[in-house]
Amino acid sequence: MPELPEVEVTRLSFADRIDGAVVTGVRVGKPLRWPLGIEPLQLTGLRVGAVTRRGKYLWLSMRAGEVAPNAVLPSDGGLLLHLGMSGSLAFSPQPAAPGVHDHFDLATDRGTLRLTDPRRFGAVVWSPTLDTGMAGKLLASLGLEPFDAAFDGVHLHAALQRRRVAIKLALLGGDIVVGAGNIYACEALFTAGIDPRTRSDRLSRPRCQRLAQAIRQTLQAALDLGGSTLRDFRDAHGMAGQFQLSARVYGRAGQSCTVCGTPVRRIVQAQRSTFFCPSCQKR
DNA sequence: CTGGGCTCCTGTCAGC
DNA sequence: TGCTGACAGGAGCCCA
């Protein structure tokens, strides 16, 4: 499910409401991708601060301090969350009884943040800071944020020159630019008119300029539509996204290209589906 | 160092 | 209706 737009839409849907809340309890379900990295009881009494995003990760900063000076607390830190393929977060004042796919509850005095994740590729991990511990390790190799001013055609071109994988895979890797997963990589390459099989080091500077622009444009359009809901994505209010309705190639194999009418093709790259228009997108 | 392939896990859907 | 295989929004890890 969740690429940058879904993660950001999720963040915006609960960040304000949880900011300042005090943790009253934690429930863990089945194991997620990595262990929590802290005794759940130790989170009780911490105060939740800002919720930020890096790539497809969310960071819930948490502070000890004035709230429960006598409790057994770790030093300040936070929870790094990842939604994996099938995860979603809900924040509700009166949560229902946990279902079979609800694997993490952070109960606070303002409501409960719940991770639902059938496939359990998601993660919730304690880390002292974003730069150290498990978070530091996981975020270390991430590329630029697509909306960072430093991410432009020049930067993209330089980075792609150092690689020789297919451009689609270079985008999915996340070490050049973060946030575009399978849907948005396909859509951005369509918008930029680039064949997803093109070797990354064969793209000219102007085409990289167009691609950088297309990535931002695609992600922004998805943000504006609340992300994509193919099956189970919901924001923390339970709202579905709408971008999938305006996808031009993703999931449209065999259907006519909206620009030229040529049937959209599906191929497999690195065991993942790629959709593209063989006429509009060139090597 | 780079690139390719495998893996984690569960649910859904198409085809027989 | 029931079974089987393909496929699904991610990304770390191992190997050549």
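Just so it is clear, the model here is predicted, and its values are computed rather than measured. Throughout, a chain's letter reflects where its sequence line sits, starting with A, and its residues are numbered from 1.
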Aromatic stack F121(A)/dC8(B): centroid gap under 5.5 Å, interplanar angle under 30°: yes
Is the distance from OP1 or OP2 of dA11(C) to the nearest side-chain N or O of R272(A) less than 4.0 Å? no
Output the single nucleotide from dG9(C), dA11(C), dA8(C) whose closest atom is nearest the side chain of N182(A).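 Looking only at heavy atoms from C-beta outward on N182(A), the closest nucleotide is dG9(C).
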Counting only non-hydrogen atoms, which of residues 155-169 of chain A are less than 4.0 Å from DNA chain B?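 Residues of residues 155-169 of chain A that come under 4.0 Å of DNA chain B are, in numerical order, R163(A), R164(A), V165(A).
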On a whole-Å scale, what distance lies between the P atoms belonging to dC6(B) and dA6(C)?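 About 14 Å, rounded to a whole number of Å.
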Can you measure H82(A) atom NE2 to dG12(C) atom P for me and round it to whole angstrom units?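 Atom-to-atom, H82(A) to dG12(C), this comes out as 7 Å.
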Give the rounded distance in Å between these two atoms: CG of L142(A) and C1' of dG10(C).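 Computing the L142(A):CG to dG10(C):C1' distance gives 12 Å.
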What one-letter contact string describes nucleotides 10-16 of chain B from 5' to 3', where B marks a base within less than 4.0 Å of any protein heavy atom, S marks contact via sugar-phosphate atoms alone, and - marks no contact? BSS----
Just verifying a value: how many Å separate L60(A) CG and L46(A) CG, rounded to the nearest 0.5 Å? 11.5 Å
Residue pairs involving residues 201-217 of chain A (criterion side chain to side chain donor-acceptor pair (under 3.5 Å); sequence neighbours excluded):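 Passing the test, one end in residues 201-217 of chain A: R199(A)-D201(A).
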Suppose the criterion is side chain to side chain donor-acceptor pair (under 3.5 Å): which pairs have a residue in residues 167-187 of chain A, not counting sequence neighbours?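 Non-adjacent pairs meeting side chain to side chain donor-acceptor pair (under 3.5 Å): E6(A)-Y184(A), R163(A)-D175(A), K168(A)-N182(A), K168(A)-T274(A), Y184(A)-S228(A).
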When we call it a touch if two heavy atoms are under 4.0 Å apart, what does R199(A) touch: a base, just sugar-phosphate, or nothing? nothing
Starting at the 5' end of DNA chain B, write a dot or bracket for each base, bracketing those in Watson-Crick or G-U wobble pairs whose two distances are under 3.5 Å and using | for partners on another strand. .|||||||.|||||||
Under 4.5 Å between any side-chain heavy atoms of S86(A) and D232(A), yes or no? yes
In residues 241-253 of chain A, which residues come under 4.0 Å of DNA chain C by heavy atom?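 Nucleic-acid contacts, sorted: Y250(A).
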